[in-house]
Number of protein chains: 2
Amino acid sequence: MTKKPGDRIARQLDQAAEACAAKGGRLTDIRRSVLALIIGSGGPVGAYALLDQLKAERANAAPVTVYRALDFLMENGLIHKIERLNAFVACTESGDHEHHEHSVQFLICRKCGTVAEMEDHGIAAAVSKAAGRTGFRPDHATVEVEGTCGSCTSAA
Amino acid sequence: MTKKPGDRIARQLDQAAEACAAKGGRLTDIRRSVLALIIGSGGPVGAYALLDQLKAERANAAPVTVYRALDFLMENGLIHKIERLNAFVACTESGDHEHHEHSVQFLICRKCGTVAEMEDHGIAAAVSKAAGRTGFRPDHATVEVEGTCGSCTSAA
DNA sequence: CGCCCCGATGATATGATATAACCCGGGTTA
DNA sequence: TAACCCGGGTTATATCATATCATCGGGGCG
């Protein structure tokens with residue numbers, strides 16, 4: 001094995017820090033820890049699950065500690081909130097974390113619990129078009145699809 | 001005035017009771033009350049707001065009382081949950097509450113707070129297609145669009 | 001230097017949303 | 001009758017999220 005998983009995460013964190021800095025934000029220790037926990041979890045994580053883990057590093061961490069970090073990470077496009085789950089996932093759109101952020105969709109597998117991120121222009125266009133027909137001016141669309149992922153379907 | 005608003009709601013409730021019965025369910029007093037409150041509110045309502053109102057009729061109502069009723073009403077397609085708001089709205093698709101229920105979308109106005117229900121086949125098709133490309137088998141799609149409704153745009 | 005501002009964090013409290021666990025009574029049915 | 005399910009009561013707790021005020025440290029500036 002040439003790379004340990006920690007290396008991959010460390011690289012992602014460094015990239016994230018750069019991206020924040022470029023926007024005038026700072027990926028502080030707390031924020032970095034929370035992001036690392038989310039990336040490391042490999043799936044959707046609740047705020048209090050993060051809090052429990054964070055307490056291993058920072059005994060004094062409180063809910064608000066986590067939520068402040070989550071807010072920052074969301075504002076910077078590093079994580080997404082999955083509304084159906086009240087949970088958070090790492091953003092998998094590598095690199096440019098700014099110009100899309102509006103036409104993102106999620107595929108939630110009911111079997112294995114994984115959440116895949118997708119960016120499909122066709123969906124975004126269909127939403128825009130349908131909303132526009134009623135005179136509605138869309139700002140942001142939450143699209144979360146539940147079902148069975150390819151792996152689980154094959155395994156079945 | 002030939003019809004009071006209460007009449008319209010009463011008719012909707014009776015229709016709902018029939019629809020439930022046809023599926024082997026029972027629209028009990030509690031469930032009927034909760035549905036009436038949601039319809040009467042004319043917009044998204046939180047579970048605890050419903051609880052407060054329900055307590056006027058049933059002093060012993062507890063959170064779980066409301067949530068059980070909400071679960072039943074959702075299973076029977078009489079209401080929808082708006083994930084972004086953690087709130088519930090009455091289903092406006094009159095009549096046949098069964099064969100769609102999968103391709104429904106919501107338009108949430110940030111100005112006036114109204115939620116409009118939409119059934120757009122184009123969106124459903126785009127979601128299906130995009131998900132299918134990754135081998136994902138969709139079950140249900142949550143589509144909630146936030147923005148400004150036609151009325152609020154005109155008024156601006 | 002001394003001062004001020006501001007962003008990040010600490011500390012505490014509270015509000016809001018949702019489910020778990022257990023029991024009980026009434027109706028159906030084997 | 002016994003076994004069972006469904007609807008509901010009761011209590012407790014888990015989870016999600018925000019409000020408020022205090023503190024601390026760095027950077028700009030007189």
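Each chain gets a letter, A, B and so on, in the order the sequences are listed, and its residues count up from 1.
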* To do: Examine C:dT9: is either OP1 or OP2 under 4.0 Å from a nitrogen or oxygen in the side chain of A:N60? Give yes or no.
  =>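 For A:N60, the contact criterion (side-chain N or O under 4.0 Å from OP1 or OP2 of C:dT9) is not met.
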* Nearest 0.5 Å, what's the CD1-CD distance between B:I79 and B:E75? ->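 Spacing of CD1 (B:I79) from CD (B:E75) equals 10.5 Å.
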* Distance in Å, B:I30 CD1 paired with B:L73 CG, rounded so as to fall on 0.5 Å steps ->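 Between B:I30 CD1 and B:L73 CG, I get 11.0 Å after rounding to 0.5 Å.
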* For DNA chain C, which residues in residues 107-115 of chain A have a heavy atom at a distance below 4.0 Å? ->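 Of all residues in residues 107-115 of chain A, none places a heavy atom under 4.0 Å from DNA chain C.
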* Under 4.0 Å from any atom of DNA chain C, heavy atoms only: list the residues of residues 27-40 of chain A that qualify, in numerical order. =>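 Correct list: A:T28, A:I30, A:R31.
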* 5′-ward residue of the pair B:A62/B:G24 relative to DNA chain D ->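 The residue mapped nearer the 5' terminus is B:G24.
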* **Between B:R84 and A:T142: side-chain donor-acceptor atoms closer than 3.5 Å** =>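 Indeed, the side chains of B:R84 and A:T142 share at least one donor-acceptor pair under 3.5 Å.
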[X] [atom1] to [N] [atom2]: how many Å, rounded?
| X | N | atom1 | atom2 | answer |
| --- | --- | --- | --- | --- |
| A:L51 | D:dT18 | CG | P | 15 Å |
| A:L54 | D:dC16 | CG | C1' | 17 Å |
| A:R26 | D:dC24 | CZ | C1' | 12 Å |

* Structure fact -> Protein heavy-atom contacts under 4.0 Å, written 5' to 3' over nucleotides 16-30 of chain C as B (base), S (sugar-phosphate only) or - (none), form the string -BBBB----------
Minimal non-hydrogen separation, [X] against [Y], with atom names:
| X | Y | result |
| --- | --- | --- |
| A:F136 | B:V145 | CZ-O, 3.7 Å |
| B:C149 | B:C109 | N-SG, 3.4 Å |
| B:R32 | B:A10 | NH2-O, 4.3 Å |
| B:C152 | B:K111 | SG-CB, 3.5 Å |
| B:V45 | B:S41 | CG2-OG, 3.2 Å |
| B:A87 | B:G46 | CB-N, 4.2 Å |

* A:D52 atom CG, over 12 foreign heavy atoms within 6.0 Å ->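 Counting neighbours around CG of A:D52, more than 12 heavy atoms of other residues, nucleotides or ligands fall under 6.0 Å, so yes.
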* Would you call B:D71 and B:R31 a salt bridge, using N to O less than 4.0 angstrom? ->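 No salt bridge links B:D71 with B:R31.
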